[in-house]
Q: 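Dropping a structure here in structure tokens format, bear with me for questions.
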Amino acid sequence: MLRGTAPYALLLPATAVVAAVAGYPLYLLVKLSFQQYGLQELIAHKGVWIGTANYAEIFHDRQFWEVVARTVVFTAACVSMTMLLGTLIALLLARLNAFMRFLLTTGLVLVWAMPVVVAVNIWYWMVDYEFGVLNWLLTELHLGDFEHHDWFVSPWSGFAIIGAVIVWGAIPFVTITLYAGLTQVPRELVEAAAMDGAGVLRTFRDITFPILKPLFVILTSLSIIWDFQVFNQVWIMRDQRPTSDYFVMSIYSFVESFKVSQYGLGAAIAIVMVLTMFAVTFVYIRQMVRMGDLR
Amino acid sequence: MRRRLLAAAVLVVLLALAAITAASAPAKSQADSITVWLMVDAQNNWADAVQAATRQFQQQHPGVDVNVQYQTWGEHQTKFDAALAGGNAPDVKELGNTETVKYMANGALADLTAQKRSFPNSATWLQGLTESVTFNGKLYGVPYYAGARAVIYRTDLYRQAGVSTRAPQSLDQFVTNGQKLMKKFGTDRNFSALYFPGKNWYASMSFVYDYGGRIARFRNNRWEGALNSPQAIAGLTKLKSVVLSLSRASKTGDEANPQQALVFSKGKVGSFIGNGWEWPYSLDPKLGNPELAGKIGAYPMPSHIKGRYMPTFLGGSDLVVPATSKNRALAADWIKAYTDTASMTSIAKAGNIPNTTSLVAINAAKPTLAPFARAAKYSWFVPAAKNWANVESANVLQNMLVSIFTGRSSIKSAADRASSQITQILNESR
């Protein structure tokens, strides 16, 4: 009997910690999303139960659907750029000599280790309207007149900048993980394929990618989760006061909760966000697992 | 093995005891300290007044610590809400005069009506500020200081461009002056005759009120956003033409980031619309340019109607005691020390309008303060609605201004959108 319960007993402390640290706040968040919780309720420490009225309100709000669409498109763009560039740099790492590989890896680790808020602030200064080095550099290189160019007037260029910052921060993790996976690809297979006349692209598609597929699935799912809930980069790049055409879901939830003091509404938006992310990654992983089983 | 186990057990017990005593120590001294939250304006410009008040308070209450923390305008409401929810709100808090209504209506502030007469100069408090801390006839705070905005300008740049340093009599004359400045210095791409960032709603709404418009009106027992009225649109149209012709500031930036007085101190700005304290701030030895002393002047922004001033936003702050505070008497005593005549005099000398009419002579006498006191005579204020603070937090006005200045919306559609958002937020009953 002891042997049977031992695994569960060993799991118990970790489960208890996760339940307390993550489970209880999640339960409170769900409860909050069914309540009316404004400033008055905050001070009285007691919400008013209103059922699904918060959800009804956000689903009927045109701005909510705009924000969802914007977040989905932005996440798709960021994740695809991250995975593409991450894979390319990982392949590069595998082909470099030891010294260059050391330099590149050090650079990647430094990017990874930098605290997000510090890094984004520096990017913010670099693209500053009046004193930014990016404007100066582009003007000096005669790529056009970028003096006093405000990158954030148009949300397209604004999100391109913010996306660049996010992709820049996300590449190291993807690259180093993929590089570790690449070292596990058997060299005999690659050499055999080269002898059979396969080009680089074919080798990648038929040998490297299938072996690394589990890694790609994990990294893509993680990237989707992280990029869908991105907050810091957008918040800081927009000076902590983003205009409504810069709202992504995490920012919309925060603004509704803390700026307009509608905590119930903000909680409902957050729950919708969590469910959407769960749905997206669940479908994707199930599909990948199925494909794996059919092999 | 047993000895090692015993040693380990003793160590654990000792650490636990240390942890318990460390954890309980602050609890014992909680009653012997008060927490005060002020804004960074005080930290930057009249920190000595804060310290003097604390010293005076500690003479009256020896052994009581005063923990002063400074917040920024962008996040102080969020922090305050979180502190109210968490039960560790400060004992004294500075709130902007547009933000107090929200907290008074929700029962977040302590009732000070009974002690009104014990506060210094309460008989001569500024009426506008007193109204901002009164709700349903009861007093929920103490007026702190008021501020009016005026045009702060470089007298030497004006002279070089051939512009008279006497105050312009009308908005048209102001624009003509600005165009002369742009003609003389405008080849430098960084030069602005009037530095006007896009999100500067305080100065922008002055144009709306000058042309007879308003932000919202209360009609048929509900609020209606009024920014799309013909008068308001006339004001916004004039504003857009003035800003686009005279300002090279960022259309999506605001007046605090970068702080406009500091941009002015860098020398590429002819004038800007700022508060009284922004004049000495531009001369700050560390962040500004002290060499500009003697080359700066100020005048109230002229109206489009000749001979009048454009209404200026009557900003200001109040000091409140949150209802959750356990040290209300101590908090009130600190406020009394901080708002007495001596303290108010030094706050006024830092460039503000003091909370009492008995000290108004200080401002009228000093040339660096008089223009702002004059400008304050024609003022406008935000709608006295319970949810007004939410309109500010939701950046409705800033969004509208940015889309107008960047040209992404027409003035009419931006004003329509803002008006309907204001209507919705102000009428929200929850």
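All values reported here derive from a predicted model rather than from experimental measurement. Throughout, protein chains are lettered first and strands after them, A, B, ... in sequence-line order, and every chain is numbered starting at 1.
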Q: I'd like to know whether B/Arg408 forms a salt bridge (Lys or Arg N to Asp or Glu O under 4.0 Å) with A/Asp245, so could you lay out the CA-CA distance, the side-chain angles of the two residues, the decisive distance to 0.1 Å, and finally the verdict.
A: CA-CA 11 Å; B/Arg408 300 205 41 234; A/Asp245 45 4; 2.6 Å; yes
Q: Could you check if a side-chain atom of B/Asn190 sits within less than 4.5 angstrom of a side-chain atom of A/His148, using non-hydrogen atoms only?
A: yes
Q: What is the distance from atom CZ of B/Arg248 to atom CD of A/Glu130, rounded to the nearest 0.5 Å?
A: 10.5 Å
Q: With only heavy atoms counted, which part of B/Lys268 is less than 4.5 Å from chain A, the side chain, the backbone, both or neither?
A: neither
Q: Quick one: pull up CD in B/Gln398 and OG in A/Ser244 and give me the separation to the nearest 0.5 Å.
A: 11.0 Å
Q: Inspect the surroundings of NE2 in A/His45 and state if more than 12 heavy atoms from other residues, nucleotides or ligands are less than 6.0 Å away.
A: yes
Q: Should we count NZ of B/Lys251 as having more than 12 external heavy atoms under 6.0 Å?
A: no
Q: Counting neighbours of CH2 on A/Trp49 that are heavy atoms of other residues, nucleotides or ligands and sit closer than 6.0 Å, is the number greater than 12?
A: yes
Q: Below 4.5 Å from any heavy atom of chain A, which atoms of B/Arg189 appear? Answer side chain, backbone, both or neither.
A: both
Q: Got a second to check how far A/Gln240's CD is from B/Thr72's OG1, nearest 0.5 Å?
A: 7.0 Å
Q: If you count heavy-atom pairs under 4.5 Å with chain A, which of B/Asn257, B/Val396, B/Val402 comes out on top?
A: B/Asn257
Q: For A/Phe59, does the CZ atom have more than 12 heavy-atom neighbours from other residues, nucleotides or ligands under 6.0 Å away?
A: yes
Q: Atom CZ of residue position A/Phe231 - does it have more than 12 heavy atoms of other residues, nucleotides or ligands inside 6.0 Å?
A: yes
Q: Hey, mind stepping through A/Phe131 and B/Lys266 against side-chain contact (heavy atoms from CB on, under 4.5 Å) and telling me if it holds?
A: CA-CA 12 Å; A/Phe131 302 109; B/Lys266 289 192 168 57; 4.1 Å; yes
Q: Within a radius of less than 6.0 Å around CH2 of A/Trp136, do more than 12 heavy atoms belonging to other residues, nucleotides or ligands occur?
A: no
Q: Strictly by modelled atom types, are A/Ser261 and B/Asp81 linked by a side-chain donor-acceptor pair under 3.5 Å?
A: yes
Q: Among A/Val255, A/Val153, A/Asp128, single out the residue with the greatest number of heavy-atom pairs under 4.5 Å to chain B.
A: A/Val153
Q: Before you tell me yes or no, could you show the steps for B/Asp254 and A/Arg241 under salt bridge (Lys or Arg N to Asp or Glu O under 4.0 Å), namely the whole-Å CA-CA distance, both residues' side-chain angles and the distance that decides it to 0.1 Å?
A: CA-CA 10 Å; B/Asp254 72 32; A/Arg241 273 206 214 162; 3.7 Å; yes
Q: Any chance you could measure B/Lys102, atom NZ, to A/Gln40, atom CD, to the nearest 0.5 Å?
A: 12.5 Å
Q: Measuring from B/Leu109:CG to A/Ile43:CD1, what's the distance to the nearest 0.5 Å?
A: 7.5 Å
Q: Roughly how far, to the nearest 0.5 Å, is CD of B/Gln77 from CZ of A/Phe258?
A: 12.5 Å
Q: Considering only heavy atoms, which portion of B/Ala249 lies under 4.5 Å from any heavy atom of chain A: side chain, backbone, both, or neither?
A: backbone
Q: By a 4.5 Å heavy-atom criterion (distance strictly below it), what part of A/Phe247 contacts chain B: side chain, backbone, both, or neither?
A: neither
Q: Do we see a donor-acceptor contact under 3.5 Å between the side chains of A/Asp150 and B/Thr252?
A: yes
Q: For B/Asn395, which atoms come within 4.5 Å of any heavy atom of chain A: side chain, backbone, both, or neither?
A: side chain
Q: Counting only heavy atoms from other residues, nucleotides and ligands, does the tally under 6.0 Å from CE of A/Met273 exceed 12?
A: yes
